Amino acid sequence: MRVLPPAARPSLMRAVVLCAVLTACACTAPAFADSGTPWPAVGLLALLCPGCELVRLCPLPGRRSRVPEGIGSFFPVVLAAVFLLPPAAAALVALPGGFAQAVVQRPAPVRRVWHAAQQATAAGAAGWTFALLGGPDALGGSPFEGSFGAAFGGSGPPAAAGRLADFPYAMLPAAAAAVAFCLVLTALDAGILAAAEGRPARATWRGLLTLSLAPHCVHGLAGLMMAVMWRSPYGLPAALLVLLPMYISCWIFAQYHRERAAHQATIRALVQAVDLKDRYTRGHSERVGQASAMIARELGMAGDRLEVVRIAGILHDVGKLGVPTRLLRKDGPLTPEERRVIELHPEYGHEMVRGIGFLGEARSAILHHHERIDGTGYPYGLAGEQIPVLARVVAVADAFDAMTSTRSYSRARPVPVALAELERCAGAHFDPAMVHALVDAIGRDGWHPVATADDDVQVIPAGSASASAPGRAAAAVAAAAAAPVAAVPAAAVPDPGGSALSGLPAQGARLGVRTVDPRAGQEPDGGSGA
């Protein structure tokens, strides 16, 4: 689907909502015409759906806060209805939960109608999938044959309760129904997002499906357990007990996501504070985090440690919040006294984040990212293996972005020149393994920095000959000096954080050893600021 002009989107969005409503009506209408619809079961399950959704409005015992968002998920109840009821009746069960679902943006009535129609359509599709694959027979037949009162533990067990569910075959139609439920939900979500925001429908659907498929399969398993327990001699009470461990799991999962969101908010606040203090380094933190992650990935780090490396790169300069702004923005060289003040920023940063438990190993990188392999760095003059691994990673990433960025006291250099300088100083200032990892990563994947400042950014395409292997970056210096630096407009670069950083070619830059400016990263020949 092509991107629509903004003027056409409201009409298309109304058409999508109307189609969903009409489809939901078609899915639910047969339930009213069928004399065998088990209305007591439909009513009970329909009440459970909004009940599950409204659980989150109740405060936790002994606490003022409410249950986290997501604890009241009613999809297992809807899928239990899919497994227990005819498709049209299952679609009816989904309606009240859709109307009760939380709505943040306006117009709330339209969004509630959309949710209800969307979920009724998905439940109907899942019900037909389950029926066509022989799901009811695999579960031992419908528990509502004969007297419905028996299903509630009245005069005896339901008529079909004597037949055992056929496992594991029963799981196949149940899994297919859960997948169909997920496919319809995500397809409708992708359609409304494409209509409302002009997103590409296929790519949006694929992204939603990737995120939703596993949770919906878990909901399907919980719904299947609920249906099997309802069919057992214990009936409805046993079926309701299935919800308890599921909601405990949902609560723990929601707490984890809330904590993770709080971590990300903490990091964003610290980075924004540093960027506001030194306008010339806006976006530097994110790019150092990006380059640090590239190095770590090249070294084989993965999972949680890769995330810790990225966070360490993002927060490496947080201690500059304790440095006077006039020193960070000063044009020209620093006096010895000013240098000593700025060289305190790693210790300031370590003290600032010491109490943030989730940072873990990242704290050592914040403290030691200005140490050098030869022992001439600061704050403690560590050398070689004494320097923590993450600090050695961040040191290279910091110096690379410092050399390729324009600051108040230094012009940006082309990426090939920066890589050549890193290789020249590997073994003295930098860990050679970290330098080679960055050169290899940029040579293979290119350098596409996060655009967070006001001007253009340097972009190196994947497979660039200037950075294809260790040692080859130095050979590209002459070519880089003779050719303009590849650049793209800021609008063409993904921009999660703001604007784009200037990537102007070096003017009068020369290779050679000069005094390091403490405002800079680990750049060995004059400091480019970090």
Side-chain angles (χ1 to χ4, degrees), residues 284 287-288 290-301 309 313 316 369-377 383-385 387 389-405 410-449 458-483 485-486 503 505-506 508-517 520-530:
H284 169 69
R287 290 189 300 276
V288 172
Q290 178 185 359
S292 298
M294 291 176 69
I295 296 171
R297 195 176 293 112
E298 193 71 21
L299 294 173
M301 299 183 192
V309 173
H316 73 286
H369 71 277
H370 279 293
E371 305 284 3
R372 291 180 175 178
I373 294 298
D374 60 6
T376 61
E385 297 295 325
I387 305 172
V389 174
L390 265 62
R392 284 179 266 158
V393 171
V394 173
V396 172
D398 187 21
F400 171 72
D401 187 70
M403 286 189 283
T404 55
S405 303
S410 175
R411 304 297 290 177
R413 300 180 186 183
V415 169
V417 176
L419 292 175
E421 186 65 16
L422 289 174
E423 287 192 320
R424 186 183 68 82
C425 296
H429 293 172
F430 309 109
D431 187 330
M434 310 305 174
V435 174
H436 294 163
L438 179 62
V439 174
D440 285 348
I442 293 179
R444 184 184 61 255
D445 303 326
W447 173 240
H448 304 276
Q458 296 186 57
V459 174
I460 297 296
S464 171
S466 63
S468 58
R472 298 190 64 181
V477 174
V485 178
R510 63 180 178 86
L511 296 180
V513 178
R514 294 185 300 195
T515 305
V516 176
D517 191 327
Q522 288 279 11
E523 185 195 351
D525 70 332
S528 348

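In this text the structure is predicted, and so the values were computed from the model without any measurement.
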Worksheet item: Say you draw a straight line from CG of D374 to SG of C425; how long is it, rounded to the nearest 0.5 Å?
Response: 9.5 Å
Item to complete: Kindly give the heavy-atom pair with the smallest separation between R392 and M434, and that separation in Å.
Response: O-CG, 3.8 Å
Practice prompt. Work out which heavy atom in W447 is nearest to a heavy atom in R287; give both atom names and the distance.
Written response: CH2-O, 3.9 Å
Worksheet item: Where is the tightest heavy-atom contact between M301 and V309, given as atom of each residue plus distance?
Response: SD-CG2, 3.7 Å
Discussion item. Working to the nearest 0.5 angstrom, can you tell me the gap between F400 CZ and M294 CE?
Written reply: 7.5 Å
Fill in: H316 ring center near H284 ring center (under 6.0 Å)
yes
Worksheet entry | Counterpart residues, side chain to side chain contact (heavy atoms under 4.5 Å, CB included), relative to A397 (two or more places apart) | V288, A291, S292, I295
Fill in: Lys/Arg N to Asp/Glu carboxylate O, E298 vs R444, below 4.0 Å
yes
Fill in: L438 side, atom CG; L419 side, atom CG - distance, nearest 0.5 Å
6.0 Å
Fill in: Distance in Å, M403 CE paired with R413 CZ, rounded so as to fall on 0.5 Å steps
6.5 Å
Worksheet item: What do the steps show when you test V439 against E423 for side chain to side chain contact (heavy atoms under 4.5 Å, CB included), and what is the final call?
Response: CA-CA 9 Å; V439 174; E423 287 192 320; 4.0 Å; yes
Fill in: Separation of H436 NE2 from L422 CG (nearest 0.5 Å)
10.0 Å
Worksheet item: Under the side chain to side chain contact (heavy atoms under 4.5 Å, CB included) criterion, do H370 and D398 qualify, and how do the steps go?
Response: CA-CA 9 Å; H370 279 293; D398 187 21; 4.1 Å; yes
